[in-house]
Number of protein chains: 2
Amino acid sequence: MSTATLVPVFAALGDETRWSILAALGEGDASASALAERLPVTRQAIAKHLAVLAEVGVVEPVRVGREVRYRVLGSELSATAARLDAVGREWERRLAAIKEIAEGL
Amino acid sequence: MSTATLVPVFAALGDETRWSILAALGEGDASASALAERLPVTRQAIAKHLAVLAEVGVVEPVRVGREVRYRVLGSELSATAARLDAVGREWERRLAAIKEIAEGL
DNA sequence: ATCACCTGCAACTCGATAGTTGCATAGCAT
DNA sequence: ATGCTATGCAACTATCGAGTTGCAGGTGAT
């Protein structure tokens, strides 16, 4: 995956409310309505957040009868982390190389 | 570090312009003015972005005479990646445990 | 000393988005 | 069939943030 698709994931993860939703989902799959009972925001707001999270693949909708439960995809977070780590290491490598050139080694 | 400090980092990384700034800095430290010559935004906009990035520790200001150059701290990105990976793995672990209980194993 | 250049601060515009309320729709249960 | 509950869609508000212009203050060089 390219960094172009990486940025929206970070944008999605850059919101406290979404993390509280993810934290709640960490205790088991839940629907927007169920989450709304535990969080201080309305169901519609949560539904929007879930849509954002689903869009970037951090969360996955699962139909159960008439309700739609959401599941956290921790593997996606780890995959994103792996890409970020690669970027960080690459930058370290390049700057180290530049530093060496600057020092005339 | 807690996830409370993690969120602002993701918010900072959830912007394309900031990534273009980071990419430019990857070719060597540079000041806001220098970056403004290479990017399609004004110096002040870049200065704001650099302030955001510095605030979360992704970038570091270095005074060189009358100018302020910025350096990317790739290690910070890797550290953030490590924390995100830990969160992702923890979620996978918890959901796997819940699944086992649900299946009566 | 003066000029050129870089940084810093403030005020403003504007688009995106978090959040709300209201209503319509659809599926389960009795 | 009817009522309860869940989702979906739409319109609206308000706040936040990205970007701009303008100007003041500092620091280096000649």
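Order of the sequence lines sets the chain letters (A, B, ...), proteins ahead of strands, with each chain counted from 1.
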By nearest heavy atom, map A:Arg66 and A:Pro40 onto DNA chain C; which one lands nearer the 5' end?
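Result: A:Pro40.
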Salt bridge check, B:Arg38 against B:Glu27: does any charged N sit closer than 4.0 Å to a carboxylate O?
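Result for this pair is yes, salt bridge flagged.
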Looking at A:Arg93 and A:Glu90, is any side-chain nitrogen of the basic one under 4.0 Å from a carboxylate oxygen of the acidic one?
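Result for this pair is yes, salt bridge flagged.
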Taking atom [atom2] of [N] as reference, at what distance in whole Å does atom [atom1] of [X] sit?
X	N	atom1	atom2	answer
B:His49	D:dC16	NE2	C1'	14 Å
A:Ile46	D:dT7	CD1	P	10 Å
A:Arg69	D:dA6	CZ	P	11 Å

Test item: A:Leu84 and A:Phe10 side chains (from C-beta on) under 4.5 Å apart, heavy atoms
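Touching, per the 4.5 Å side-chain cut-off.
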Taking the side chain as every heavy atom from C-beta outward, state whether B:Asp85 and A:Leu77 have any atom pair closer than 4.5 Å.
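No. Closest side-chain heavy atoms not under 4.5 Å.
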Decide yes or no, distance alone: a donor-acceptor N/O pair under 3.5 angstrom between the base of [N] and the side-chain of [X].
X	N	value
A:Arg43	D:dG8	yes
B:Lys48	D:dG19	yes
B:Gln44	D:dG22	yes

Going 5' to 3' along DNA chain C, between which two nucleotides do contacts with chain A fall, using a heavy-atom cut-off of 4.0 Å?
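So the outermost contacting nucleotides come out as C:dA18 to C:dC28.
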With sugar-phosphate meaning primed atoms plus P, OP1 and OP2, does A:Arg18 contact a base, only sugar-phosphate, or nothing at under 4.0 Å between heavy atoms?
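Since only primed, P, OP1 and OP2 atoms lie under 4.0 Å of A:Arg18, the category is sugar-phosphate.
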B:Thr80 vs B:Leu6, test: side chain to side chain contact (heavy atoms under 4.5 Å, CB included). Steps then yes/no.
CA-CA 7 Å; B:Thr80 299; B:Leu6 199 56; 3.7 Å; yes
Pick the closest DNA chain D nucleotide for B:Val41 and for A:Glu37 by heavy atoms, then say which residue is nearer the 5' end.
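Whichever sits nearer the 5' end wins; that is A:Glu37.
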With a cut-off of 6.0 Å (strictly less than), are more than 12 heavy atoms of other residues, nucleotides or ligands near CD of A:Glu55?
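It does not: A:Glu55 CD has 12 such atoms or fewer within range.
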Does A:Arg94, at its CZ atom, have more than 12 non-hydrogen atoms belonging to other residues, nucleotides or ligands within less than 6.0 Å?
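Yes, CZ of A:Arg94 has more than 12 neighbouring heavy atoms, counting only those of other groups under 6.0 Å.
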Taking only heavy atoms on the protein side, list every residue of residues 22-35 of chain A lying under 4.0 Å from any atom of DNA chain C, sorted numerically.
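By residue number: none to list.
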In Å and rounded to the nearest 0.5 Å, what is the CG to CH2 distance from B:Leu73 to A:Trp91?
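Answer rounded to 0.5 Å: 11.5 Å.
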With a 3.5 Å cut-off and sequence neighbours excluded, list the donor-acceptor pairs that the side chains of residues 41-52 of chain B form with protein atoms.
unit_1	atom_1	unit_2	atom_2	d
B:Thr42	OG1	B:Ala45	N	3.4
B:His49	ND1	B:Arg18	NH1	3.0

